[in-house]
Asks: 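Pasting in a structure now, in structure tokens, and then I'll have a few things to ask.
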Amino acid sequence: MRTGRFERIDHTAAPAPADPALVNICGVLLHALPQAADAVAARLDHTVGCEVHARTADGRIVVVIEDTAEASALDRMRDFTQWDGVAASSLVFHQFEDAEALEGEIEA
């Protein structure tokens, strides 16, 4: 048995990339209890670096997260699972995007 032989590791997110011209973007599917989904979505709307893009009646919430000075996207995602009414969060998409490219309007 290997009890006590595991290395203790700090699992806080790595610092943002050294290149300030890159933005860390994560797409997350959050599963909230249906009766708590409105409260969870409202809290997400008031969380810096988060934007709710879609919701379903059964409590699924699609949210995009960017790194901020307050917390990394990974730290935010980890925090979500501790919120009342949140059952799980899953990383669905991740990329680093050029900050200048994000400044313009998206053409349809």
Side-chain angles (χ1 to χ4, degrees):
M1 187 161 175
R2 295 183 175 200
T3 305
R5 293 188 180 188
F6 293 104
E7 182 180 348
R8 303 268 188 250
I9 299 172
D10 180 13
H11 291 286
T12 55
D19 186 353
L22 293 178
V23 177
N24 182 26
I25 301 172
C26 296
V28 175
L29 176 60
L30 206 71
H31 292 268
L33 301 173
Q35 63 272 22
D38 288 339
V40 170
R43 187 170 178 186
L44 286 166
D45 282 336
H46 291 96
T47 301
V48 175
C50 296
E51 184 176 336
V52 173
H53 282 271
R55 293 180 49 195
T56 63
D58 64 355
R60 289 176 290 168
I61 303 170
V62 176
V63 61
V64 172
I65 312 166
E66 294 181 5
D67 286 348
T68 65
E70 292 85 16
S72 71
L74 177 62
D75 288 337
R76 291 271 190 234
M77 192 173 129
R78 186 179 307 123
D79 290 345
F80 296 158
T81 60
Q82 303 301 314
W83 289 6
D84 289 337
V86 174
S89 66
S90 302
L91 179 65
V92 178
F93 176 81
H94 177 259
Q95 82 174 45
F96 289 102
E97 186 66 51
D98 184 289
E100 287 183 29
L102 294 175
E103 294 299 321
E105 291 292 321
I106 297 173
E107 294 182 23

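Numbering of residues begins at 1 and proceeds along the displayed sequence.
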Asks: Looking at Pro34 and Ala57, what are the two nearest heavy atoms and their distance?
Replies: CB-O, 4.1 Å
Asks: Can you tell me how far CZ of Phe80 sits from OG of Ser90, rounded to the nearest 0.5 angstrom?
Replies: 12.5 Å
Asks: About how many Å separate OG of Ser72 and CE of Met77, when rounded to the nearest 0.5 Å?
Replies: 10.5 Å
Asks: Mind checking whether Val62 and Phe93 have side chains closer than 4.5 Å, heavy atoms only?
Replies: no
Asks: Please give me the minimum heavy-atom distance between Ala37 and Ala32, naming the atom from each residue.
Replies: CA-CB, 4.1 Å
Asks: Which heavy-atom pair separates Gly49 from Thr68 by the least distance, and what is that distance?
Replies: CA-CG2, 3.6 Å
Asks: Of all heavy-atom pairs between Ile25 and Glu66, which one has the smallest distance, and what is that distance?
Replies: CG1-CG, 4.2 Å
Asks: Quick one: do Leu91 and Cys26 satisfy side-chain contact (heavy atoms from CB on, under 4.5 Å)? Show the steps, please.
Replies: CA-CA 7 Å; Leu91 179 65; Cys26 296; 3.7 Å; yes
Asks: Which residues pass the salt bridge (charged side-chain N to carboxylate O under 4.0 Å, His left out) test with Asp58, sequence neighbours left out?
Replies: Arg60
Asks: So which of Leu30, Leu29, Val28 actually passes side chain to side chain contact (heavy atoms under 4.5 Å, CB included) with Ile61?
Replies: Leu30
Asks: Taking only residues two or more places apart in sequence or in another chain, which ones pass side-chain hydrogen bond (donor to acceptor under 3.5 Å, both in side chains) with Gln95?
Replies: Glu97
Asks: How long is the straight-line distance from SG of Cys50 back to CD1 of Ile65, given to the nearest 0.5 Å?
Replies: 5.0 Å
Asks: Quick one: do Phe96 and Val92 end up in the same hydrophobic cluster if we chain Ile, Leu, Val, Met, Phe, Trp and Tyr together by side-chain heavy atoms under 4.5 Å apart?
Replies: no
Asks: Within this structure, what is the OG-CZ distance for the pair Ser89 and Arg76, rounded to the nearest 0.5 Å?
Replies: 13.5 Å
Asks: Any side-chain to backbone donor/acceptor pair from Asp67 onto Ala73? Under 3.5 Å, distance only.
Replies: yes
Asks: Apply side-chain contact (heavy atoms from CB on, under 4.5 Å) to residues His94 and Asn24 and explain how you reach the verdict.
Replies: CA-CA 8 Å; His94 177 259; Asn24 182 26; 2.5 Å; yes
Asks: Which donor-acceptor pairs under 3.5 Å do side chains of residues 38-46 form with protein atoms, sequence neighbours excluded?
Replies:
from	atom 1	to	atom 2	distance (Å)
Asp38	OD1	Arg55	NH1	3.4
Asp38	OD1	Arg55	NH2	2.5
His46	ND1	Ala42	O	2.8

